[in-house]
Protein chains: 2
Amino acid sequence: MSDVRVAGVGLTSFGNTPERTSRDLFGDATIEAFADSGVPRDDVEALLYGNFMGELSEHQGHQGPLMAEAAGIRAPATRYESACASSGVAIRDAVKRIRNGEEDVLLVGGAERMTNLGTAGATEALAIAADDLWEVRAGTTFPGAYALMAQAYFSEFGGEHEDLAHIAVKNHENALTNEKAQYQRAIDVDDVLEAPQVSSPLGLYDSCPISDGAAALVLTSEDYAAEHDLDAPVAITGTGQGGDRMALHDREHLARSPAAREAGEEAYAEAGIDASDVDVAEVHDCFTIAEVLAIEALDLEPIGEGISAARDGRTTADGETPINLSGGLKAKGHPVGATGASQIAEVSKLLAGTHPNSDHVADATTGVAHNAGGTVASATVHVLEVVA
Amino acid sequence: MSDVRVAGVGLTSFGNTPERTSRDLFGDATIEAFADSGVPRDDVEALLYGNFMGELSEHQGHQGPLMAEAAGIRAPATRYESACASSGVAIRDAVKRIRNGEEDVLLVGGAERMTNLGTAGATEALAIAADDLWEVRAGTTFPGAYALMAQAYFSEFGGEHEDLAHIAVKNHENALTNEKAQYQRAIDVDDVLEAPQVSSPLGLYDSCPISDGAAALVLTSEDYAAEHDLDAPVAITGTGQGGDRMALHDREHLARSPAAREAGEEAYAEAGIDASDVDVAEVHDCFTIAEVLAIEALDLEPIGEGISAARDGRTTADGETPINLSGGLKAKGHPVGATGASQIAEVSKLLAGTHPNSDHVADATTGVAHNAGGTVASATVHVLEVVA
């Protein structure tokens, strides 16, 4: 099997650009990714693209061929949808295809246009990631679902809103150097605790924003990277995917994410690492509690102890295992279909030493990206390593 | 590389069941597929699922995990969307994964709930497969787009509505034995010519219906089939995918389908066959003209001559290369996300000798399934062969 190299990455600014279409956003991300990679567009053999709510936000399905056009390539294109893990599953298939020699060069990524729907409209659209018959019609939206998960966590393991606040503070701090982040603004624990409540215990600053944006990756085989003398020191060495029941009431625990655990175990096994080897990670912090569940599922913290990781400095920029040095979904933004690919872009730059926050992880050789769909009914985990 | 065996297939009846959800439909299809295969649900390693308009027809995205639940499996699940080729692209990835040893047993399929939207609502929803900015907002719907393609064909190569009518007549005739077809009713050329016009030259009987339905396939590696002594004589020996510009006005020809041609060439090359080896085919006849373009793109007819194939009996049940022995989209129905998988099911049964129309192709060893998205901005082709 061939290694899969991250040859180039491109990100738009994440934020409020309601007038820009997905094709505008994705086109921009690919311009940056091609320039970063040095790979000519003609060498791309297929596009694997993640998008979640294009049908609702811009009356546009069938975005695969449209995005190939926006990227300036002539190649077959497929759209993947797994809610907020849409580009995570696209990346996973790309990794499988390249390492098995099916293709040598793939364009992978995702985009989402959301802010044109307004906050209420976007929240309503996001709800299609939950079970429409048994959750959404009963009034469940994602802030409510994650609030239930937080309450279940507190009830089982202890913890309080102030613990979660440290996660938001940390991620905003990390985003200060990220010029493409939606928020480049420091906040403190009091800001989080005093912010309007969204769904108890979660408040406004426990929640990621509604965002527009796109991310693109040029992935190549090891052979292609060598033949073309690419500057591509980072490889994706493991991919994992997990699944769970869709509706929260069908789960054994509200405060565990077995889909993410399965994905992590599979990815670690493929890469031949264990959790103690992970130097840095981007995880899916759509809400502050989600970061806690993610780092526990990835075995970066024991079950029930993730709650104190940010508060006690274990996951801060200079902690043992910095989490979300990009700012995470919380501060960087969460254009749903782009998020999984953007995490790979961030980890790749952190490991390559080209990220503004690379100084915090100067000796890092192994990173992880964790992308989750819905209330983690689907999840992907990828391991990235410095190999050249 | 391992051969990919079609171990079991399951189809719901296609038709009008507006009260049934996608999960109801897909669950039923998988019950039949598992029974047909003899493969236990616990052996399934992942679900690859095609769906097109669930966001619009039932406010439900993230259908992967939901459908794993409906199928009674516990495994990671991914939803693929490429308009009317949604399950075609899912099958393609499944084939790549099994033949490379990534997995041994995959559940693949698709479902669509459409009739609950009504005809106007479904037509509006289908339009998201075209370019919203440049086609849909100018008033283009799919009957109009395919009418343009038919007019361009007539203008370049000759032909008239009566030629197309023979395609509808043939496909209705083929469906008479298909108890799951939406229409089991013979029609004649006059019925087609006298039917209400939809978009000149296409009339009501040139158009496939709006349908609800689901299709499921259990695919396994050759090794798994041998170890478990499965009755699985048919293999998918080639897969191809092509892409084209999304909007008709960006194409070089309105009356050609280069995406389908590329997909066909790739699939034939993988299988080591050429068009003259094809004994039977299911092609994507969403409109009668689409069958003409498909058989030309697959090289089953020379460019400009496909128009006379049904009229002159070359593609009828006892012709040289029978096309759409299932009844095709025209008579069998077209529940969008299910169509690509249903074609594989039909070809597999035709080759295995278990299809009501197998008698017409008693010596057939090689079949093809052609699935197209939008105005063929995306297309997949699969080659199936009797291997055991």
>> Is B:Leu47 close to chain A through its backbone or its side chain, or both, or neither, when contacts mean heavy atoms under 4.5 Å?
In response: neither
>> Is B:Gln60 in contact with chain A via its backbone, its side chain, both, or neither, using a 4.5 Å heavy-atom distance?
In response: both
>> Which atoms of B:Arg74 are under 4.5 Å from chain A, going by heavy atoms: the side chain, the backbone, both sets, or neither?
In response: side chain
> So, are B:Arg99 and A:Glu102 salt-bridged, with charged N and O less than 4.0 Å apart?
Replying inline: yes
> Any side-chain heavy atom of B:Leu248 sitting closer than 4.5 Å to one from B:Met149?
Replying inline: yes
>> Are there over 12 heavy-atom neighbours, none belonging to B:Glu19, within less than 6.0 Å of that residue's CD?
In response: yes
> Which one of A:Leu133, A:Asp250, A:Val89 has the most heavy-atom pairs closer than 4.5 Å to chain B?
Replying inline: A:Leu133
> Under 4.5 Å between any side-chain heavy atoms of A:Asp93 and A:Val108, yes or no?
Replying inline: no
>> Does either side chain, that of A:Thr239 or that of A:Arg92, offer a donor lying less than 3.5 Å from an acceptor on the other one?
In response: yes
> What part of A:Glu69 lies closer than 4.5 angstrom to a heavy atom of chain B: side chain, backbone, both or neither?
Replying inline: side chain
> So, do A:Phe52 and A:Ile128 sit near enough that their side-chain heavy atoms are less than 4.5 Å apart?
Replying inline: yes
> For A:Arg97, is it the side chain, the backbone, both or neither that has a heavy atom under 4.5 Å from a heavy atom of chain B?
Replying inline: side chain
> Considering only heavy atoms, which portion of B:Ala130 lies under 4.5 Å from any heavy atom of chain A: side chain, backbone, both, or neither?
Replying inline: backbone
>> Let's go through B:Ser378 and B:Ser82 carefully: what are the C-alpha distance in whole Å and the side-chain angles of both, what is the deciding distance for side chain to side chain donor-acceptor pair (under 3.5 Å) to 0.1 Å, and is it a yes or a no?
In response: CA-CA 7 Å; B:Ser378 61; B:Ser82 197; 3.0 Å; yes
> Which atoms of A:Glu45 come close to chain B, meaning under 4.5 Å heavy atom to heavy atom: side chain ones, backbone ones, both, or neither?
Replying inline: neither
>> Under 4.5 Å from any heavy atom of chain A, what part of B:Asp244 do you find: side chain, backbone, both or neither?
In response: both
>> Is B:Thr21 close to chain A through its backbone or its side chain, or both, or neither, when contacts mean heavy atoms under 4.5 Å?
In response: side chain
> Which atoms of B:Glu266 come close to chain A, meaning under 4.5 Å heavy atom to heavy atom: side chain ones, backbone ones, both, or neither?
Replying inline: neither
> Out of A:Glu262, A:Glu124, A:Glu81, A:Glu58, which one racks up the most heavy-atom pairs below 4.5 Å with chain B?
Replying inline: A:Glu81
> Tell me, side chain or backbone of B:Ala68 under 4.5 Å from chain A's heavy atoms, or both, or neither?
Replying inline: neither
